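First comes the structure, then the notes that go with it.
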Protein chains: 2
Amino acid sequence: MTMIYKTQKPDLAKRTVPPSMVSSGVVIALRPRQRLGLARGSEQVFVVRSGMVYLEAMPQATSRQILDLYYPGDVIKEQSIPQIPGANLIAVQTGEVVRLNAQRLQALVEGDPDARRFLDNAMAHQYPRRLAHLAMLGALTGEERVASLLMELALRVGEAGPDRARTFDIPLSRTEMADYLSLNADTLSRIMSKLRQTGVLGATGRGRGYAPHFDALCRITPLAETITALHVNRPA
Amino acid sequence: MTMIYKTQKPDLAKRTVPPSMVSSGVVIALRPRQRLGLARGSEQVFVVRSGMVYLEAMPQATSRQILDLYYPGDVIKEQSIPQIPGANLIAVQTGEVVRLNAQRLQALVEGDPDARRFLDNAMAHQYPRRLAHLAMLGALTGEERVASLLMELALRVGEAGPDRARTFDIPLSRTEMADYLSLNADTLSRIMSKLRQTGVLGATGRGRGYAPHFDALCRITPLAETITALHVNRPA
DNA sequence: GAATTGCCTTGATGGGGATCAACCGCAACA
DNA sequence: TGTTGCGGTTGATCCCCATCAAGGCAATTC
């Protein structure tokens, strides 16, 4: 099991954006809900340094779907965004991304094995996360999906407390969480209430989450191990 | 529009597996429903030369989800398959894949720009297809999802007939289609019947599809343009 | 302090698709 | 010719979640 895990996540250190890439691009400071301009013709590439960004789409006028969630170290190629109605990149919180021109990046990468490895590594992380997301939407109930997302956030941006407790930020709004999980915001709210009532979640301020016993949260979703493998930074 | 399309699909010719890659790997002949062995530790890479392969997972004992569908020119890295219960690669029909060792492939690619370009290009195609799949499951109704898959198959493995008609193979079984679309097989069958009754589909033998007027099929799904951009080989 | 706005919560109701069951057509096989 | 099994189809019923509506709560504005 441990071995599998190791092959999955080659190296965490590689997820820091290499200086060569930063210096050949433009650093953009992000504010909450800021839109990152998509200009398909220009073939831009964004690299997340800090904060959190998502890709939304609106297949119908009435329904938004959040397709992808980007964390520090993730790479967003405009080329990899399908031609889909209402595609938008949106920052969740304050942070920084580096914007690069695809051709220039290509040239940079030819002579810079570090940058090359960084890019390959980013893709190797992001693709399986999308597959897991797919499995969530396709095969899990509402409550299981919510637990999966909470696990993900807790592992990504949470601090471990004593006695298997975990506190973590929830930078996404209810609507955003719902659109990521393909749930109705009302339904999501109900599920969150239920989790609080059953003691899986504790009371917190807005934008924060608290799991008094993290394992209880994990037990809800059948994909607990999958999510752990994808989002844990170092073996717990 | 046309310009966007061009940037999306850089070059079709690059989707033929380079000879250097074939010769440094093992060619495997596929028979319908054959399982491709996954051996996580060994870090294999499969490249599809012909036929069709899918990745399945079983988050629960009762529900299977088909996560990914691979066409000729697609690349399957074991590293990019999440650690998910019941992960399996399965061939849909007769075909051929090349199996390569990841380290060896890495070495090959260092000195072979063609191979490098082929790999990059494959990923640039596959990632947006997964995002579109996600949008389908997340935001479309059953009927819309089915129409989307039929469009995909018609564009991938179909022949255009006179008068905007299209005939195409449906190599996937009903169960497989249902698991790809996250529908119940019964429900899928009902939807197919309805499409036949409304004249969107014509009568065919098993494993074949016939759309007397392809546009009628496209009109059903809000993602028609997305799917066209992702699966058309050359501008229609 | 009242009004406004955005976000979240909660209740009542309905619909899309899952589930369970029966049946059909067809191929494989003794 | 009967049997067995698989894949597909169709009907009856049920449930999870979407939808609609109302109300709570906090921050902001006048």
Side-chain angles (χ1 to χ4, degrees), chain A residues 32-33 58-66 90 92-93 136-150 169-198 201 203-209 220-222, chain B residues 32-33 58-66 90 92-93 136-150 169-198 201 203-209 220-222:
Chain A
R33 272 73 209 177
M58 301 215 45
Q60 326 252 28
T62 57
S63 76
R64 176 176 76 157
Q65 177 67 44
I66 292 184
I90 298 187
V92 175
Q93 50 189 174
M136 285 168 57
L137 299 198
L140 302 193
T141 66
E143 187 174 348
E144 290 165 346
R145 286 182 233 173
V146 174
S148 303
L149 175 56
L150 292 176
D169 283 328
I170 305 184
L172 298 169
S173 75
R174 289 286 187 270
T175 307
E176 288 166 334
M177 292 174 68
D179 291 342
Y180 179 77
L181 299 173
S182 188
L183 284 174
N184 187 290
D186 304 9
T187 303
L188 174 65
S189 179
R190 263 181 271 271
I191 292 173
M192 294 289 285
S193 301
K194 187 186 165 194
L195 291 179
R196 242 178 279 117
Q197 278 159 25
T198 54
L201 291 184
T204 52
R206 191 170 280 210
R208 296 280 295 169
I220 296 177
T221 165
Chain B
R33 272 70 210 178
M58 301 214 44
Q60 327 252 28
T62 57
S63 76
R64 175 176 77 157
Q65 176 67 44
I66 292 184
I90 298 186
V92 175
Q93 50 188 175
M136 284 167 57
L137 298 198
L140 303 193
T141 65
E143 187 175 347
E144 291 166 345
R145 286 182 232 172
V146 174
S148 303
L149 175 56
L150 292 176
D169 282 328
I170 304 183
L172 298 169
S173 75
R174 288 287 188 270
T175 307
E176 288 167 334
M177 291 174 69
D179 290 343
Y180 179 76
L181 298 173
S182 187
L183 284 173
N184 188 291
D186 304 5
T187 304
L188 175 66
S189 179
R190 263 180 271 270
I191 292 173
M192 294 290 286
S193 301
K194 186 185 165 195
L195 291 179
R196 242 177 279 116
Q197 278 158 26
T198 53
L201 291 183
T204 51
R206 189 171 280 211
R208 297 280 295 170
I220 296 177
T221 165

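Keep in mind that what you see is a predicted model, and the values were worked out from it rather than measured. Throughout, protein chains are lettered first and strands after them, A, B, ... in sequence-line order, and every chain is numbered starting at 1.
Residue B:E143 contributes atom CD, which lies 12 Å from atom C1' of C:dG16 at whole-angstrom precision. Going from atom CG of A:D179 over to atom C1' of C:dC7 covers 14 Å, rounded to whole Å.
Less than 4.0 Å separates DNA chain D from at least one heavy atom of each of the following residues of residues 184-197 of chain A: A:N184, A:D186, A:T187, A:R190.
Atom CZ of B:R208 is separated from atom CG of B:L201 by 13.0 Å, given to the nearest 0.5 angstrom. One finds the CG atom of A:L183 at 11.5 Å from the OG atom of A:S189 (value rounded to the nearest 0.5 Å).
In terms of modelled atom types and a separation under 3.5 Å, the side chain of A:Q65 and the main chain of A:M58 share no donor-acceptor contact. Although no hydrogens or angles enter the test, the distance criterion places no donor-acceptor pair under 3.5 Å between the side chain of A:R174 and the main chain of A:A185. At least one donor-acceptor pair under 3.5 Å links the side chain of A:N184 to the backbone N or O of A:D186.
Minimum heavy-atom separation, A:Q60 to B:P222: OE1-CG, 3.5 Å. Heavy-atom minimum distance, B:L188 versus B:V146: CD1-CG2, 3.4 Å.
When each of A:L183 and B:E176 is assigned the nucleotide of DNA chain D with its nearest heavy atom, B:E176 is the one assigned upstream, toward the 5' end.
Contact annotation for B:S182: backbone-only contact, meaning every heavy-atom pair under 4.0 Å involves sugar-phosphate atoms and none involves a base.
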For side-chain contact (heavy atoms from CB on, under 4.5 Å), just list the numbers for B:R64 and B:T175, CA-CA rounded to whole Å, side-chain angles, deciding distance to a tenth of an Å, and then say yes or no.
CA-CA 10 Å; B:R64 175 176 77 157; B:T175 307; 4.1 Å; yes
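A 4.0 Å heavy-atom criterion places the boundary nucleotides of DNA chain D facing chain A at D:dC17 to D:dA21, written 5' to 3'.
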